[in-house]
2 protein chains.
Amino acid sequence: MTTNDPIGPTPQLKLDAQLCFALYSTMHGVAKVYRRLLRDLDLTYPQYLVLLVLWEKDEINVSEICQRLQLETTTLTPLLKRLEGRGLIRRTRSAEDERQVIVTLTAEGRALRATAAGIPDCIAAAAALPREDLADLRGRLTRLRDNLAAAG
Amino acid sequence: MTTNDPIGPTPQLKLDAQLCFALYSTMHGVAKVYRRLLRDLDLTYPQYLVLLVLWEKDEINVSEICQRLQLETTTLTPLLKRLEGRGLIRRTRSAEDERQVIVTLTAEGRALRATAAGIPDCIAAAAALPREDLADLRGRLTRLRDNLAAAG
DNA sequence: TGACATTAGATCGTGCACGATATAAATCTC
DNA sequence: GAGATTTATATCGTGCACGATCTAATGTCA
């Protein structure tokens with residue numbers, strides 16, 4: 001028989017006590033809800049995030065999208081190619097600086113915004129918490145994220 | 001020239017206003033800190049989570065780990081094979097029910113617990129927030145996760 | 001007992017996510 | 001203005017994460 005606790009309690013190593021696991025599993029729960037909502041649009045959640053960025057500001061280069069989403073170019077390059085393949089965006093080399101790739105929404109990509117307009121309300125409904133609680137949670141998470149970035 | 005806002009404000013579609021993006025990017029920030037801490041142990045964060053589960057309760061089957069971590073067997077099967085390849089766990093078919101695979105820590109897998117004992121404090125330090133704030137945040141996230149699961 | 005359903009894991013295919021590295025264009029330095 | 005450095009993006013390899021599907025073992029019930 002193996003003992004389950006060979007070196008003492010170490011309560012911080014308990015899964016349910018860990019903030020990070022709460023974050024991890026809650027994110028998966030959110031992703032699951034989004035998958036259902038985005039299935040109609042045939043989008044993944046990261047693809048949806050890229051469109052959110054472009055709906056706010058069109059004709060930006062890849063690294064600006066990277067900065068906004070805190071993702072590496074190695075993640076975004078294939079994702080953007082898929083969005084281009086779907087006809088939602090165009091990727092063109094900048095004339096002034098040939099190193100940059102400018103990402104532009106197509107008419108279809110812009111049109112998708114109207115279809116997506118209802119998504120935040122669906123998420124809020126699934127969250128089933130008062131709007132101010134959600135805003136408060138967002139603020140706390142953002143502060144944590146900034147602290148981690150400063151520490152790392 | 002393309003307009004940036006062809007269908008009106010729709011402020012809920014703003015990236016920075018979205019709780020879900022805060023969750024998503026904060027999780028990536030956390031993962032980044034863990035990657036640095038776990039590099040010495042040659043573990044990924046999901047692998048570390050599996051070990052947390054086993055350090056709490058050894059000799060459990062695959063589906064129990066799935067339930068604890070809220071992951072699919074299709075995610076865990078290859079991950080467990082990698083941990084087995086590293087010599088940290090063993091996978092054996094149950095004698096009573098041949099469908100089940102029982103996961104057991106090896107001596108090396110148990111020993112790793114001592115090495116990992118300092119990680120939670122490192123994370124707390126990087127988070128740079130009072131312990132009660134972190135506990136509060138964990139509670140709020142768990143509530144949100146449960147609501148989403150109930151809705152989905 | 002034999003047909004059917006259920007359960008536990010595994011396999012396959014697709015899409016993130018990132019570290020290490022490559023390449024080409026722009027910029028800096030002398 | 002030639003060579004070194006930096007910058008923007010792409011390529012490659014590995015590891016999650018999940019939906020769809022498969023297989024084998026178990027359970028059910030006529």
Side-chain angles (χ1 to χ4, degrees), chain A residues 20-21 23-36 38-39 41-51 60-67 69-86 88-89 91-103 152, chain B residues 20-21 24-36 38-39 41-51 60-67 69-86 89 91-103 152:
Chain A
C20 298
F21 175 65
L23 204 51
Y24 175 82
S25 58
T26 305
M27 184 57 225
H28 285 167
V30 167
K32 195 167 197 162
V33 175
Y34 268 108
R35 256 193 302 279
R36 217 159 16 85
L38 293 171
R39 183 163 301 154
L41 311 187
D42 197 22
L43 288 176
T44 65
Y45 183 60
Q47 288 169 7
Y48 169 73
L49 289 179
V50 167
L51 291 179
I60 56 181
N61 62 24
V62 174
S63 51
E64 190 167 345
I65 303 179
C66 289
Q67 279 173 29
L69 297 182
Q70 312 254 52
L71 292 173
E72 303 298 316
T73 150
T74 130
T75 299
L76 281 176
T77 295
L79 190 156
L80 292 171
K81 285 185 178 178
R82 279 186 287 271
L83 289 180
E84 187 180 37
R86 292 248 343 255
L88 299 178
I89 63 169
R91 292 159 63 251
T92 49
R93 288 274 163 190
S94 162
E96 301 98 55
D97 186 339
E98 287 274 342
R99 291 171 304 179
Q100 296 184 24
V101 168
I102 307 295
V103 179
Chain B
C20 298
F21 176 65
Y24 175 83
S25 59
T26 306
M27 184 58 225
H28 285 167
V30 166
K32 196 167 197 164
V33 175
Y34 268 107
R35 256 193 301 279
R36 220 161 11 87
L38 293 171
R39 182 163 301 154
L41 312 188
D42 197 21
L43 288 176
T44 65
Y45 183 59
Q47 289 169 7
Y48 169 73
L49 289 179
V50 168
L51 291 179
I60 56 181
N61 62 24
V62 174
S63 50
E64 189 167 345
I65 303 179
C66 289
Q67 281 173 27
L69 298 182
Q70 312 253 52
L71 292 172
E72 303 299 316
T73 150
T74 128
T75 299
L76 281 175
T77 294
L79 190 156
L80 293 172
K81 285 185 178 176
R82 279 186 286 272
L83 288 180
E84 187 179 37
R86 293 253 335 258
I89 63 169
R91 292 160 63 248
T92 49
R93 288 274 163 189
S94 163
E96 302 99 55
D97 187 339
E98 286 274 344
R99 291 172 303 182
Q100 295 184 25
V101 169
I102 308 296
V103 179

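All chains are named by letter (A, B, ...) in the order of the sequence lines, taking the proteins before the strands, and each is independently numbered beginning at 1. As a basis for the values below, the full set of heavy atoms in this structure was taken, side chains included, without hydrogen atoms, waters or symmetry mates.
- Within 4.0 Å of Leu71(B), counting heavy atoms only, lie sugar-phosphate atoms of the nucleic acid but no base atom.
- Side-chain proximity of Asn61(A) to the nucleotides dG9(C), dT9(D), dA17(C) is greatest for dT9(D).
- For dT7(D), its base sits under 3.5 Å from the side chain of Arg99(A) at one donor and acceptor pair at least.
- Between Arg82(B) and the phosphate of dC16(D), there is a side-chain N or O to OP1/OP2 separation shorter than 4.0 Å.
- Here dA20(C) presents its P atom at 11 Å from CZ of Arg35(B), a figure rounded to the nearest Å.
- When each of dC16(D), dA17(C), dC16(C) is scored by its nearest atom to the side-chain atoms of Gln47(A), the top-ranked nucleotide is dC16(C).
- For Thr73(A), the listed nucleotide lying nearest its side chain is dT9(D); candidates were dC16(D), dA17(D), dT9(D).
- Picking from dC16(D), dG19(D), dA26(C) the nucleotide with the shortest atom distance to the side chain of Pro46(B) gives dC16(D).
- Residue Leu79(B) is classed as a sugar-phosphate contact, given heavy-atom separations below 4.0 Å to backbone atoms only.
- For Val62(B), taking side-chain heavy atoms from C-beta onward, the closest of the listed nucleotides dG9(C), dA17(C), dC16(D) is dG9(C).
- Of the listed nucleotides (dC16(D), dT6(D), dA17(C)), dA17(C) has the atom at the smallest distance from the side chain of Thr75(A).
- An OP1 or OP2 oxygen of dC16(C) is reached within less than 4.0 angstrom by no side-chain nitrogen or oxygen of Lys81(A).
- Remark: the Thr74(B) side chain and the dC18(D) base include a donor-acceptor N/O pair separated by less than 3.5 Å.
- Comparing dC16(C), dA26(C), dG19(D) by their nearest atom to the side chain of Glu72(B) picks out dG19(D).
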